[in-house]
Amino acid sequence: ISFNDFGLYIINNPAFQIFFRCGSIGQKGKGGHAHNDQLSIILLMYDFPVFIDSGTYIYTGNHKMRNKFRSTEMHNTLSIQGLEQNQWNDGKKDDLFWLRDTSKAKIIKITDNEFEGIHYGFGKLTTRKIKISDNIIYGQDLNEVNFEKTVAFHLNPLITDIKQTDKQTVELSFNHSKLQIYSVEGELKIEESFCSPEYGKIIKNKTIMISCSKPKIEWKITMNKI
């Protein structure tokens, strides 16, 4: 399913749904309510949200938290040492409703089992490729900027059974299902985080982070019923 004007693409599978964000920030580039979520994914497994969007939380009441929740690192995508996909100003309250569209995100390919999108928000091209085969998702993130990179997977706060089996594998168990995240390059870590299920509310959750200094980060997700 493609929503080209908004920049949202969905692949439905008997076991899961995966949502891929890649496109306009809206308002002719103003992006008043947009977040830095280009190439981010959301994953539902048997209708249960596994990888979630972190939410909005607040606007003018707390500009630091407003910017935190719309930042690149709060989404399920690649981030680079505090750089942002689209830029904002830390100034007047009106600045909380502006983003400068430096990412220029564009969908390159979408089929029944593949996504490929790009953006230019970090000064050099960022590419994300996702391919689906049965109950396996293969992911590849590519950027040539010579800094430490991270790929985040923000988890539903209801997921509490999280085990790290080695430096490159994390396993999640929930609702009689099991999901494994495997990093080909880089090191996996489980970190404390927070999300906002509704305006003005914050709750704790976990985030799986892949850290890597190489230009290409490859990862794999497997899903099974228990």
Side-chain angles (χ1 to χ4, degrees), residues 1-13 16-45 47 49-57 59 66-80 83-89 95-132 137-145 149-156 195-197 199 207 216-217 219 221:
I1 304 172
S2 299
F3 298 94
N4 295 307
D5 291 339
F6 174 65
L8 181 67
Y9 304 89
I10 307 167
I11 290 177
N12 289 304
N13 177 292
F16 62 87
Q17 288 179 300
I18 184 167
F19 298 75
F20 187 74
R21 167 76 171 117
C22 181
S24 170
I25 66 170
Q27 296 175 277
K28 298 181 179 180
K30 178 178 178 177
H33 293 276
H35 286 196
N36 284 342
D37 60 354
Q38 300 294 350
L39 312 186
S40 183
I41 61 171
I42 292 173
L43 176 67
L44 277 66
M45 186 174 175
D47 295 322
V50 182
F51 304 152
I52 63 167
D53 184 278
S54 296
T56 296
Y57 178 51
Y59 287 127
R66 157 67 168 157
N67 286 336
K68 175 69 173 178
F69 271 89
R70 64 175 174 167
S71 68
T72 306
E73 67 179 0
M74 290 296 284
H75 297 89
N76 303 318
T77 189
L78 180 140
S79 60
I80 302 177
L83 299 178
E84 292 296 339
Q85 296 175 345
N86 300 292
Q87 307 303 308
W88 62 67
N89 295 323
D95 291 333
L96 299 179
F97 299 93
W98 280 91
L99 280 179
R100 297 193 300 278
D101 187 9
T102 50
S103 62
K104 306 294 183 185
K106 182 180 179 181
I107 193 77
I108 300 298
K109 182 179 184 181
I110 179 169
T111 70
D112 288 344
N113 65 341
E114 288 181 275
F115 297 117
E116 182 177 348
I118 62 172
H119 76 74
Y120 297 89
F122 302 135
K124 290 189 177 182
L125 178 69
T126 297
T127 302
R128 167 165 275 189
K129 298 178 181 180
I130 291 176
K131 187 171 183 178
I132 298 164
I137 299 172
Y138 299 93
Q140 181 188 104
D141 293 294
L142 180 64
N143 185 287
E144 298 286 345
V145 173
K149 304 171 182 70
T150 58
V151 175
F153 302 94
H154 295 271
L155 302 181
N156 186 328
C195 61
S196 178
Y199 187 80
T207 299
K216 183 170 66 176
I217 303 175
W219 43 270
I221 295 166

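Below, all heavy atoms of this structure are taken into account, side chains as well, without hydrogens, waters or symmetry copies. Just so it is clear, the structure is predicted and the values come from calculations on it, not from any experiment.
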His119: partners by ring pair (Phe, Tyr, Trp, His ring centres under 6.0 Å), with sequence neighbours left out: Phe122
Residues 37-45, side-chain donor-acceptor partners within the protein, below 3.5 Å, at least two apart:
residue, atom, partner, partner atom, Å
Asp37, OD1, Arg21, NE, 3.2
Gln38, OE1, Gly23, N, 3.0
Gln38, NE2, Gly23, O, 2.7
Ser40, OG, Asn76, N, 3.0

Anything under 30° is parallel, anything over 60° is perpendicular, the rest tilted; go ahead and classify Phe97 against Tyr59. tilted
Between His75 and His35, how do the two ring planes meet: parallel, tilted or perpendicular, split at 30° and 60°? perpendicular
Which atoms form the tightest heavy-atom contact between [X] and [Y], and what is the distance?
X: Ser24; Y: Asp5; value: CB-O, 4.0 Å
X: Ile11; Y: Thr111; value: CD1-O, 3.7 Å
X: Lys149; Y: Val145; value: NZ-O, 2.6 Å
X: His154; Y: Met74; value: NE2-C, 3.2 Å
X: Leu99; Y: Asn86; value: CD2-O, 4.0 Å
X: Trp98; Y: Trp88; value: O-CB, 3.7 Å

Once rounded to the nearest 0.5 Å, what's the spacing between atom [atom1] of [X] and atom [atom2] of [Y]?
X: Lys129; Y: Leu142; atom1: NZ; atom2: CG; result: 7.5 Å
X: Tyr120; Y: Asn143; atom1: OH; atom2: CG; result: 12.0 Å
X: Ile10; Y: Phe20; atom1: CD1; atom2: CZ; result: 13.0 Å
X: Ile118; Y: Ser103; atom1: CD1; atom2: OG; result: 10.5 Å
X: Lys104; Y: Gln85; atom1: NZ; atom2: CD; result: 13.5 Å
X: Ile25; Y: Thr102; atom1: CD1; atom2: OG1; result: 8.0 Å

Can you check whether [X] reaches [Y] side chain to side chain, under 4.5 Å on heavy atoms?
X: Ile137; Y: Phe16; answer: yes
X: Phe51; Y: Leu155; answer: yes
X: Ile130; Y: Tyr138; answer: no
X: Ile221; Y: Trp219; answer: yes

If we check side-chain contact (heavy atoms from CB on, under 4.5 Å) with Thr77, which of these qualifies: Thr126, Thr72, Val151, Asn36? Thr72
Could you check whether Glu73 pairs with Lys68 (Lys NZ or Arg NE/NH1/NH2 to Asp/Glu carboxylate O, under 4.0 Å)? yes
Under the salt bridge (charged side-chain N to carboxylate O under 4.0 Å, His left out) test, which residues partner Glu114, sequence neighbours left out? Lys109
Apply side-chain contact (heavy atoms from CB on, under 4.5 Å) to residues Ile18 and Tyr9 and explain how you reach the verdict. CA-CA 8 Å; Ile18 184 167; Tyr9 304 89; over 6 Å; no
Among side-chain atoms of Thr56 and Ser196, is any donor-acceptor pair under 3.5 angstrom? no
Run Glu116 and Thr127 through side-chain contact (heavy atoms from CB on, under 4.5 Å) and show every step you take. CA-CA 7 Å; Glu116 182 177 348; Thr127 302; 4.0 Å; yes
